[in-house]
Each structure stands twice: as C-alpha cells, then as structure tokens.
Amino acid sequence: MPRFTKESDGRTIAVETSIPREAAELRAGGFTEQKAKTAAVKESDAAKPATTPSK
C-alpha cells in the first residue's frame with residue numbers, strides 16, 4: 001500500500017491509503033508518495049508497536 005509523508009511543525013505525518021481519490025488529494029496537499037520500502041519506510045515500520053488481530 002502506498003505511503004504518503006509530509007513534514008509539519010517539525011514532525012513527520014505518514015498516511016497509508018490505496019484509495020485513488022485519497023491519494024490524489026494527499027499529493028495535492030503536498031504529501032510525498034513512497035511506493036517502495038525505502039530505508040526510511042523500513043525504519044518507520046520497525047518503530048511501530050506490534051499489534052495482534054482481534055478475534
């Protein structure tokens with residue numbers, strides 16, 4: 001799923017969406033799309049807390 005990032009007030013905002021309309025709105029809003037798992041994406045993923053699916 002594509003990830004969109006944007007720097008704001010010294011923080012990085014990350015949004016993931018596969019909805020084309022949302023993706024277009026994010027691009028128009030100044031977000032940068034990251035399709036590939038770059039080092040920054042892998043680092044961000046590693047920093048996320050582990051979650052387990054609820055049943």
Side-chain angles (χ1 to χ4, degrees):
M1 179 177 318
R3 175 179 288 168
F4 296 84
T5 59
K6 180 178 182 179
E7 292 291 326
S8 178
D9 298 327
R11 295 182 291 169
T12 301
I13 300 170
V15 179
E16 292 182 349
T17 184
S18 60
I19 302 170
R21 184 179 183 134
E22 280 185 353
E25 290 174 358
L26 290 168
R27 281 188 213 96
F31 281 78
T32 304
E33 184 175 1
Q34 296 177 329
K35 289 185 181 181
K37 287 260 186 179
T38 62
V41 172
K42 290 178 184 177
E43 183 180 310
S44 176
D45 287 345
K48 289 182 184 177
T51 60
T52 56
S54 58
K55 294 183 179 184

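Every value quoted in this text rests on a predicted model; they were computed, and no experiment measured them.
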Trainee: How long is the straight-line distance from CD of Gln34 back to CD of Glu16, given to the nearest 0.5 Å?
Mentor: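 Taking CD in Glu16 and CD in Gln34, the distance rounds to 9.5 Å.
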Trainee: Which atom pair, heavy atoms only, marks the closest approach of Arg3 to Ala14?
Mentor: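 The pair with the smallest heavy-atom distance is CD-CB, 4.3 Å.
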Trainee: Mind listing the side-chain donor-acceptor pairs of residues 18-25 below 3.5 Å, one per line with the distance, residues two or more places apart or on another chain?
Mentor:
residue: Glu22; atom: OE1; partner: Thr17; partner atom: OG1; Å: 2.5

Trainee: Of the non-hydrogen atoms in Gly29 and Lys6, which two are nearest, and what is the gap between them?
Mentor: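 Reported closest heavy-atom pair: O-NZ, 2.8 Å.
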Trainee: By the rule that ILVMFWY residues connect when side-chain heavy atoms come within less than 4.5 angstrom, directly or transitively, which residues belong alongside Phe31?
Mentor: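 Traced through the cluster, Phe31 reaches Phe4, Ile13, Val15, Leu26.
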